Number of protein chains: 2
Amino acid sequence: MVRQADSAGLSATNTKRVTINEVARDARVSKTSVSRYLGGARHLLSDETRDQIERSITKLGYQPNQMARGLKRGHTRLIGMIIADVLNPYSIAVMHGVEAVCQQHGYTLMVCNSNNDERAEGRYLEILQSYSVEGVILHACARSAANLGQIVRYQAPIVLVDRRLADFDTDLVGLDNYQSTITATSHLIDQGYRDLVFVTEALQGFSTRLEREAAFHLTLRRHPECAGFTLALDVNDAEKLDQELRNFLTSDGAGPKAVLATNGVVTLQASQSLRRLGRQLFEDIGLVGFDELEWSALIGTGITTIAQPTHDIGIAAMDCLLRRLAGDRSAPRHIAFRGQLLVRGSTTRNPSERRRAA
Amino acid sequence: MVRQADSAGLSATNTKRVTINEVARDARVSKTSVSRYLGGARHLLSDETRDQIERSITKLGYQPNQMARGLKRGHTRLIGMIIADVLNPYSIAVMHGVEAVCQQHGYTLMVCNSNNDERAEGRYLEILQSYSVEGVILHACARSAANLGQIVRYQAPIVLVDRRLADFDTDLVGLDNYQSTITATSHLIDQGYRDLVFVTEALQGFSTRLEREAAFHLTLRRHPECAGFTLALDVNDAEKLDQELRNFLTSDGAGPKAVLATNGVVTLQASQSLRRLGRQLFEDIGLVGFDELEWSALIGTGITTIAQPTHDIGIAAMDCLLRRLAGDRSAPRHIAFRGQLLVRGSTTRNPSERRRAA
DNA sequence: CTGTTAGCGCCTTCAG
DNA sequence: CTGAAGGCGCTAACAG
């Protein structure tokens with residue numbers, strides 16, 4: 001049984017990191033040869049030298065110091081990713097895709113969480129730069145590049161995910177918000193819902209939310225038989241949400257009522273609120289939410305969702321980055337994936353159908 | 001509107017990173033003075049020099065290169081965290097706690113996802129080391145240090161989270177699995193359930209699963225009126241789970257039946273399976289699951305859970321790490337938090353009570 | 001108060 | 001095929 005604490009105790013004297021010099025000495029060759037061995041120029045070495053170096057390396061447990069390497073070579077095989085909110089499954093799923101590609105290409109992913117704090121975001125951007133990451137995947141919380149300090153003269157290529165950044169046109173990978181929202185809204189209307197509310201977190205200038213909201217109202221305008229409005233909520237104010245939803249439910253309206261939730265977090269909160277209001281999910285109100293989550297099917301009669309290909313979004317983002325790293329200087333690419341409607345009980349008005357959908 | 005692609009185009013010639021030398025030249029002082037300015041030894045500088053440096057720095061947009069700094073100083077203010085599965089909300093929640101502390105103390109957190117792959121885990125451990133992280137928080141998927149290569153002579157302190165590692169006694173922060181499981185099992189029995197099944201992912205030697213399973217059977221032994229067994233499942237084999245649960249439900253037994261799910265993933269799968277089997281959640285079967293999740297209350301009549309203080313676990317882990325970084329060489333600490341039982345409809349047998357709990 | 005000097009660990013010419 | 005020398009960007013003695 002080895003004890004970390006003890007071994008740490010030794011470390012001051014004993015465990016000092018072994019360097020290329022020691023390997024060279026142990027193998028009775030020059031640093032250069034060791035470096036060549038490491039750098040994939042082994043064919044330049046005699047068999048004897050190579051074996052000797054190999055032996056010394058494993059014997060001493062040598063590992064090259066990437067800091068020194070990075071300093072010398074100017075690149076680090078490091079990719080940075082800043083996400084606006086780790087607690088949002090969307091971010092995690094995207095990150096998962098990004099990571100897969102990183103691994104495939106020998107990059108290491110460094111993930112930072114800005115917690116929806118612009119200042120933290122800016123700081124992380126700087127930190128990543130100072131660690132010489134080769135590229136950055138950014139799920140931004142800032143809405144304008146102006147708030148991101150030196151981002152404009154950032155050396156490393158940046159790929160935006162999900163949300164765009166005003167005044168800063170880079171590669172962007174996300175959802176086709178117009179198509180997706182139109183699909184969702186039309187679906188509600190097709191199902192016979194007439195009185196719709198678009199529930200979102202405070203718009204705050206986030207491109208994603210704005211686009212979805214715009215598309216919602218656009219669709220409504222094509223359907224004069226329907227009514228609809230936007231409800232922007234404060235994530236931490238459950239009471240207000242309850243209040244608003246209660247009003248909505250008890251108000252006169254154009255007909256059957258439904259909620260369109262702009263992301264997974266909101267979907268969850270709307271569901272919780274409906275529960276608190278004592279509603280049967282989803283008897284007298286429809287619900288469709290952006291973001292497919294593992295529990296979507298299990299709540300009430302099942303929640304109809306717009307699924308984003310999160311994993312693919314991550315892959316595509318990383319793909320953009322790799323191109324830039326390979327020297328691509330062409331105009332920024334904007335990739336928008338289509339959302340996929342998954343119909344469940346929450347938008348099934350006919351009871352017999354509903355049973356089937358659930 | 002600035003175009004990243006274009007600015008990248010310039011970068012080859014123009015945007016080359018500005019170094020301390022250029023600042024020094026621009027400010028007409030020596031590197032040393034600039035270094036002192038950066039290193040918080042400003043009081044040693046004349047007002048004039050200080051102002052001059054400050055001006056040059058902002059003018060040139062200088063940012064110290066952490067790689068070089070790290071190389072020189074031997075420390076990097078970098079903490080590494082390896083998590084076994086990003087898709088498990090538990091890991092994310094812990095990471096959230098870790099990150100909060102990191103930020104507080106000026107550390108940057110580098111997160112890697114081993115995806116439950118021992119080899120990836122070992123590789124990441126090496127990579128983190130090669131980037132000279134100062135410490136590592138490890139949610140291990142390997143069960144023995146033997147499979148983790150050079151971990152034994154790792155320089156940086158390692159703090160384990162959730163799961164212990166055979167042959168490697170370090171600081172460990174996790175749940176009191178015995179207490180928690182006993183609480184959960186006793187609760188089921190108190191509620192009148194008599195026929196219990198402990199559902200887990202393949203035990204595979206993970207300390208957490210083993211301990212929970214042991215405590216389950218231990219509790220059962222104290223209650224001869226109850227029966228119980230372990231069901232280890234393959235996460236990807238939904239059919240098998242359905243099959244097993246169907247058998248369980250239709251079998252004769254000691255009385256009312258209930259499931260104890262060993263973590264959030266399993267809880268979800270069990271719920272899905274029950275749904276597929278056409279069961280009303282949770283009329284004729286009880287369920288209590290480890291890990292409180294945001295949707296726990298919303299599924300069926302609400303799922304009773306054992307909540308882990310995930311955020312605090314992260315904080316505590318980071319706390320251990322900070323102590324080690326501060327030079328603490330004492331024996332490894334083992335911190336076990338108590339799980340908290342949150343009772344909901346899934347363990348409420350009396351229909352009227354159930355309504356209230358939901 | 002300030003500058004000079006010598007590396008941190010590694011890679012990369014440039015000569016053997 | 002191999003080694004010596006210089007420098008990446010920065011900090012830390014050591015002298016002024």
Side-chain angles (χ1 to χ4, degrees), chain A residues 15-54 56-57 60-78 126-127 129-134 155, chain B residues 15-54 56-57 60-78 126-127 129-134 155:
Chain A
T15 312
K16 182 119 187 357
R17 189 132 171 198
V18 13
T19 77
I20 200 173
N21 273 309
E22 303 166 52
V23 175
R25 193 182 321 132
D26 187 88
R28 297 164 191 287
V29 298
S30 73
K31 298 197 305 183
T32 315
S33 295
V34 180
S35 177
R36 284 203 254 264
Y37 176 90
L38 298 169
R42 291 177 210 192
H43 56 279
L44 297 180
L45 301 173
S46 69
D47 292 4
E48 198 184 1
T49 316
R50 185 171 356 105
D51 293 351
Q52 189 46 247
I53 293 177
E54 193 163 318
S56 298
I57 285 184
L60 302 177
Y62 169 71
Q63 258 194 265
N65 178 330
Q66 298 291 357
M67 292 285 179
R69 275 192 161 172
L71 185 57
K72 182 71 207 179
R73 305 208 282 211
H75 67 255
T76 53
R77 308 251 85 192
L78 227 44
E126 285 184 6
I127 289 177
Q129 172 149 238
S130 72
Y131 281 112
S132 305
V133 296
E134 296 183 35
Q155 302 95 346
Chain B
T15 313
K16 181 114 185 4
R17 191 131 169 196
V18 13
T19 77
I20 200 173
N21 272 309
E22 304 167 51
V23 175
R25 193 181 323 132
D26 187 88
R28 298 162 191 286
V29 298
S30 73
K31 299 197 305 184
T32 314
S33 295
V34 180
S35 177
R36 284 203 255 262
Y37 176 89
L38 299 169
R42 293 180 207 190
H43 56 278
L44 297 180
L45 301 173
S46 69
D47 292 3
E48 197 183 1
T49 316
R50 185 171 356 106
D51 293 352
Q52 190 47 247
I53 293 177
E54 193 162 316
S56 297
I57 285 183
L60 302 177
Y62 168 72
Q63 257 195 265
N65 179 330
Q66 298 292 356
M67 292 287 183
R69 271 193 164 171
L71 185 58
K72 181 70 204 176
R73 302 208 283 212
H75 68 254
T76 54
R77 308 250 86 192
L78 226 45
E126 286 184 5
I127 289 176
Q129 172 150 241
S130 72
Y131 280 111
S132 305
V133 296
E134 295 184 36
Q155 301 95 345

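Everything numeric in this text was worked out from a predicted model, so none of it was measured. Chain letters run A, B, ... following the sequence lines, proteins first and then strands; every chain starts at 1.
Side-chain proximity of Pro64(B) to dG3(C), dC11(C), dC10(D): nearest is dC10(D). When the nucleotides dC1(D), dC10(C), dT11(D) are ranked by their closest atom to the side chain of Thr49(A), dC1(D) comes out on top. Of the candidates dT2(D), dG7(C), dG3(C), dT2(D) carries the atom nearest the Ser33(A) side chain, counting heavy atoms from C-beta on.
We find that CZ of Arg17(A) is positioned 12 Å from C1' of dC10(C), with the value rounded to whole Å. Look at CD1 on Ile20(B): it is 15 Å from C1' on dG7(C), rounded to the nearest Å. Between His43(A) atom NE2 and dT2(D) atom C1' the separation is 14 Å, expressed in whole Å. Atom CG in Leu71(B) sits roughly 5 Å away from atom C1' in dG9(C) (whole-Å rounding). Going from atom CG of Leu44(B) over to atom C1' of dG3(C) covers 13 Å, rounded to whole Å. One can place NZ of Lys72(B) at 17 Å from P of dG7(D), the figure rounded to the nearest angstrom. In this structure, Arg73(A) atom CZ and dG9(D) atom C1' are separated by 17 Å, rounded to whole Å. Atom CD in Gln66(A) sits roughly 16 Å away from atom C1' in dC8(C) (whole-Å rounding).
Judged by distance alone with a 3.5 Å cut-off, no donor-acceptor contact links the side chain of Lys31(A) to the base of dG9(C). For Thr32(B) against dT4(C), a side-chain-to-base donor-acceptor contact under 3.5 Å is present.
Counting heavy atoms from C-beta on, the side chains of Glu126(B) and Gln63(A) come closer than 4.5 Å. Using a 4.5 Å heavy-atom cutoff, the side chains of Ile53(A) and Leu38(A) are not in contact.
Residue Tyr62(A) is in sugar-phosphate contact alone, with no base atom involved, counting any heavy-atom pair closer than 4.0 Å across all strands shown. Within the nucleic acid shown, Ser46(A) comes within 4.0 Å of sugar-phosphate atoms alone, with no base atom in reach, counting heavy atoms only. Using a 4.0 Å heavy-atom distance criterion, Leu45(A) is classed as a sugar-phosphate-only contact.
Using modelled atom types, no side-chain atom of Tyr131(B) and backbone atom of Asn65(A) make a donor-acceptor pair closer than 3.5 Å. Side-chain atoms of Thr76(A) do not come within 3.5 Å of backbone N or O of Gly70(A) as any donor-acceptor pair. A donor-acceptor pair is defined here as one N or O able to donate and one able to accept, closer than 3.5 Å; no such pair exists between the side chain of Ser35(A) and the backbone of Lys31(A). Proximity of a side-chain donor or acceptor of Glu134(A) to a complementary backbone N or O of His75(A) within less than 3.5 Å is not detected. Panel note: side chain Arg36(B), backbone Ala41(B); no donor-acceptor pair is recorded below 3.5 Å.
When each of Arg36(B) and Asn65(B) is assigned the nucleotide of DNA chain D with its nearest heavy atom, Asn65(B) is the one assigned upstream, toward the 5' end. Comparing Ala68(B) and Glu48(B) by the nucleotide of DNA chain C that holds the closest heavy atom to each, the one mapping nearer the 5' end is Glu48(B).
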Q.
Run the side chain to side chain contact (heavy atoms under 4.5 Å, CB included) test on Thr49(A) and Tyr37(A) for me, step by step, so that the C-alpha distance in whole Å, both residues' side-chain angles and the decisive distance to 0.1 Å come before the verdict.
A. CA-CA 9 Å; Thr49(A) 316; Tyr37(A) 176 90; over 6 Å; no
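Contacts between residues 22-30 of chain B and DNA chain C, counted as heavy-atom distances below 4.0 Å, involve Val29(B), Ser30(B).
Note on Arg69(B): a side-chain N or O is less than 4.0 Å away from OP1 or OP2 of dT11(D).
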